Amino acid sequence: TKMVPLELYESSYPGDLDRSLNRRERAAVRHIRAGEYDKAIGQLEEVVRDQKRHLNKGDNKYLLGITLHNLGVVRLLEGGNDQMAIELFGEAAEAKKQAFGSEHPIVAESLDEIGIQYFAQNRPGDALEIFEEAKRIRVQALGPDHPKVALVDNNIGCVYFQMKKQDEALASFQTAKDILEDCMGSESTRSNLDLLHTAASLCNLGYMKFRLKHYEEATAVFEDALLVQQSVLGDNHQAIKDTLSNIALANAFHA
């Protein structure tokens with residue numbers, strides 16, 4: 001089944017995607033899985049209009065922010081205007097604050113997406129500010145050792161690297177790695193997506209160690225990343241080939 005990176009309000013049917021979505025949302029998911037992003041956007045825009053018209057009906061006040069977030073995700077999948085996506089994620093964050101409270105971790109999900117788009121636009125100062133706010137919310141709500149905190153630490157490391165602050169980037173990637181590895185055995189981090197996040201953090205850390213000429217340490221970290229990637233992707237995925245190339249390069253410099 002193709003992975004669909006959408007948020008879900010699972011109040012009624014936890015873990016059951018089809019029963020948690022209404023007719024239009026299920027249609028949107030089908031269109032996303034088929035790569036028909038324009039049709040998915042049309043369905044989600046109808047859902048948003050309906051939720052705004054009937055905000056106090058049922059769970060609509062909780063659902064609005066989630067639907068806006070998902071609409072932003074699909075806009076990006078379509079390859080559309082990233083500024084429009086940023087506006088949708090911003091509107092989603094505000095709607096979530098109104099429904100769930102400003103310190104709820106679901107708010108941080110939309111802030112994270114805004115930070116990623118700022119990073120992609122080469123706006124590291126704006127990205128860092130947003131990521132730090134997302135981290136603050138997650139630490140307060142989930143604790144400092146939660147995998148969601150590690151993911152934003154990884155994002156912060158990427159921003160520091162963009163700012164050419166290698167020591168800060170290394171520290172952030174190391175923190176992300178330590179948290180994710182400590183959580184590897186828990187129920188919350190056993191999905192393929194969580195494992196790939198762990199592998200991504202390891203690859204980033206390995207790259208920073210390589211940049212700092214810590215070649216032996218870089219090799220060890222890349223090898224850890226490879227094991228995690230292979231457990232999810234098999235042996236023929238491009239990410240596996242890239243990591244093998246990084247290992248060979250680090251070994252060559254170490255030798």
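Not measured: the values here are computed from a predicted model.
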- Is Q117 close to L76 at the side-chain level, that is, under 4.5 Å between some pair of heavy atoms? yes
- From NZ (K97) to CD (E94), nearest 0.5 Å: 4.5 Å
- Item | E45 side, atom CD; L68 side, atom CG - distance, nearest 0.5 Å | 10.5 Å
- Query: Do K96 and E109 meet the salt-bridge criterion of a basic N to acidic O distance under 4.0 Å?
  - Reply: no
- Message: For residues L77 and L88: do they belong to one hydrophobic cluster (side chain heavy atoms under 4.5 Å, members Ile, Leu, Val, Met, Phe, Trp, Tyr)?
- Response: yes
- The single option from N154, D153, I179, D178 that satisfies side chain to side chain contact (heavy atoms under 4.5 Å, CB included) with S201 is N154
- May I ask you to decide whether R75 forms a salt bridge with E87, counting only side-chain N to carboxylate O separations under 4.0 Å? no
- Message: With a 6.0 Å cut-off (strictly less than), is the heavy-atom count around NZ of K148, excluding the residue itself, greater than 12?
- Response: no
- Query: Is Q98 atom CD crowded by more than 12 heavy atoms from other residues, nucleotides or ligands, each under 6.0 Å away?
  - Reply: no
- Take atom CG of N236 as the centre, draw a 6.0 Å sphere, and report whether it contains more than 12 heavy atoms from other residues, nucleotides or ligands. no
- Under a 4.5 Å side-chain heavy-atom rule over Ile, Leu, Val, Met, Phe, Trp and Tyr, are V107 and I114 clustered together? yes
- Measure the shortest side-chain to side-chain distance between K57 and Q51 over non-hydrogen atoms and say whether it is less than 4.5 angstrom. no
- Does any N or O in the side chain of Q162 come within less than 3.5 Å of the main-chain N or O of F119, such that one atom is a donor and the other an acceptor? yes
- Message: A side-chain contact here means heavy atoms from C-beta on lying under 4.5 Å apart; do L212 and L170 qualify?
- Response: yes
- Message: Applying side chain to side chain donor-acceptor pair (under 3.5 Å), can you list everything that pairs with K241, at least two apart in sequence or on another chain?
- Response: none
- Message: When you measure from the side chain of S231 to the backbone of V228, do you find a donor-acceptor pair of N or O atoms at a distance under 3.5 Å?
- Response: yes
- Item | Atom CD of E216 with >12 non-hydrogen neighbours under 6.0 angstrom | no
- Please report the C-alpha distance between I86 and Y118 in whole Å, then the side-chain angles of each, then the deciding distance to 0.1 Å, and finally whether the side-chain contact (heavy atoms from CB on, under 4.5 Å) criterion is met. CA-CA 8 Å; I86 289 172; Y118 283 156; 3.9 Å; yes
- Please report the shortest heavy-atom distance between L111 and I137, naming the atom on each side. CD1-CD1, 3.8 Å
- Query: Where do L180 and H197 come nearest, in terms of heavy atoms and distance?
  - Reply: CD1-O, 4.1 Å
- Task: List the atom of A95, the atom of G65, and the distance in Å for their closest heavy-atom pair.
- Result: CB-CA, 3.7 Å
- Query: Can S172 and F161 be said to form a side-chain contact (heavy atoms from CB on, under 4.5 Å), step by step?
  - Reply: CA-CA 10 Å; S172 293; F161 181 77; over 6 Å; no
- When rounded to the nearest 0.5 angstrom, what distance separates CD in Q43 from CG in N70? 13.5 Å
- Item | ring-ring contact (aromatic ring centres under 6.0 Å, His included) involving F89 - partner list, sequence neighbours excluded | H69
- Minimum heavy-atom separation for A218 to G206, with atom names? CB-O, 3.5 Å
- Query: Could you walk me through whether C158 and N204 pass the side-chain contact (heavy atoms from CB on, under 4.5 Å) check?
  - Reply: CA-CA 8 Å; C158 292; N204 287 337; 3.9 Å; yes
- Query: In the single-linkage hydrophobic clustering (I, L, V, M, F, W, Y; side-chain heavy atoms under 4.5 Å), do V152 and I130 co-cluster?
  - Reply: no
- Message: Can you tell whether the side chains of R123 and E129 come within less than 4.0 Å, N to carboxylate O?
- Response: no
- Message: Looking at R138 and D112, is there a salt bridge between them, counting it only when a charged N and a carboxylate O are closer than 4.0 Å?
- Response: yes
- Passes side-chain contact (heavy atoms from CB on, under 4.5 Å), F222 versus L202? Steps please. CA-CA 7 Å; F222 283 135; L202 287 168; over 6 Å; no
- Task: Look at the rings of Y207 and F210 and say which category their plane angle falls in: under 30° parallel, 30 to 60° tilted, over 60° perpendicular.
- Result: parallel
- For R30 and E36, run salt bridge (charged side-chain N to carboxylate O under 4.0 Å, His left out): C-alpha distance rounded to whole Å, both residues' side-chain angles, the deciding distance at 0.1 Å, then the answer. CA-CA 8 Å; R30 288 195 299 272; E36 300 168 343; over 6 Å; no
- Query: Can you check whether K213 reaches Y215 side chain to side chain, under 4.5 Å on heavy atoms?
  - Reply: yes
- Query: Of the non-hydrogen atoms in A92 and S110, which two are nearest, and what is the gap between them?
  - Reply: CB-OG, 3.7 Å
- Item | Cluster link I116 to L128, ILVMFWY, side chain under 4.5 Å | yes
- Any Lys/Arg nitrogen of K135 or E132 sitting under 4.0 Å from an Asp/Glu carboxylate oxygen of the other? no
- Query: Given side chains that start at C-beta, do those of N60 and L64 come closer than 4.5 Å, heavy atoms only?
  - Reply: no
- Task: To the nearest 0.5 Å, tell me how far H214 NE2 sits from L205 CG.
- Result: 11.0 Å
- Task: Following the transitive rule for hydrophobic clusters with a side-chain heavy-atom cut-off under 4.5 Å over Ile, Leu, Val, Met, Phe, Trp and Tyr, establish whether M208 and I156 coincide in one cluster.
- Result: no
- Query: To the nearest 0.5 Å, what is the distance between NE2 (H31) and CD1 (I41)?
  - Reply: 11.5 Å
- Interatomic distance, I247 atom CD1 to T219 atom OG1 [nearest 0.5 angstrom]: 7.5 Å
- Nearest heavy-atom pair of A40 and V74: which atoms, and what distance? CB-CG1, 4.0 Å
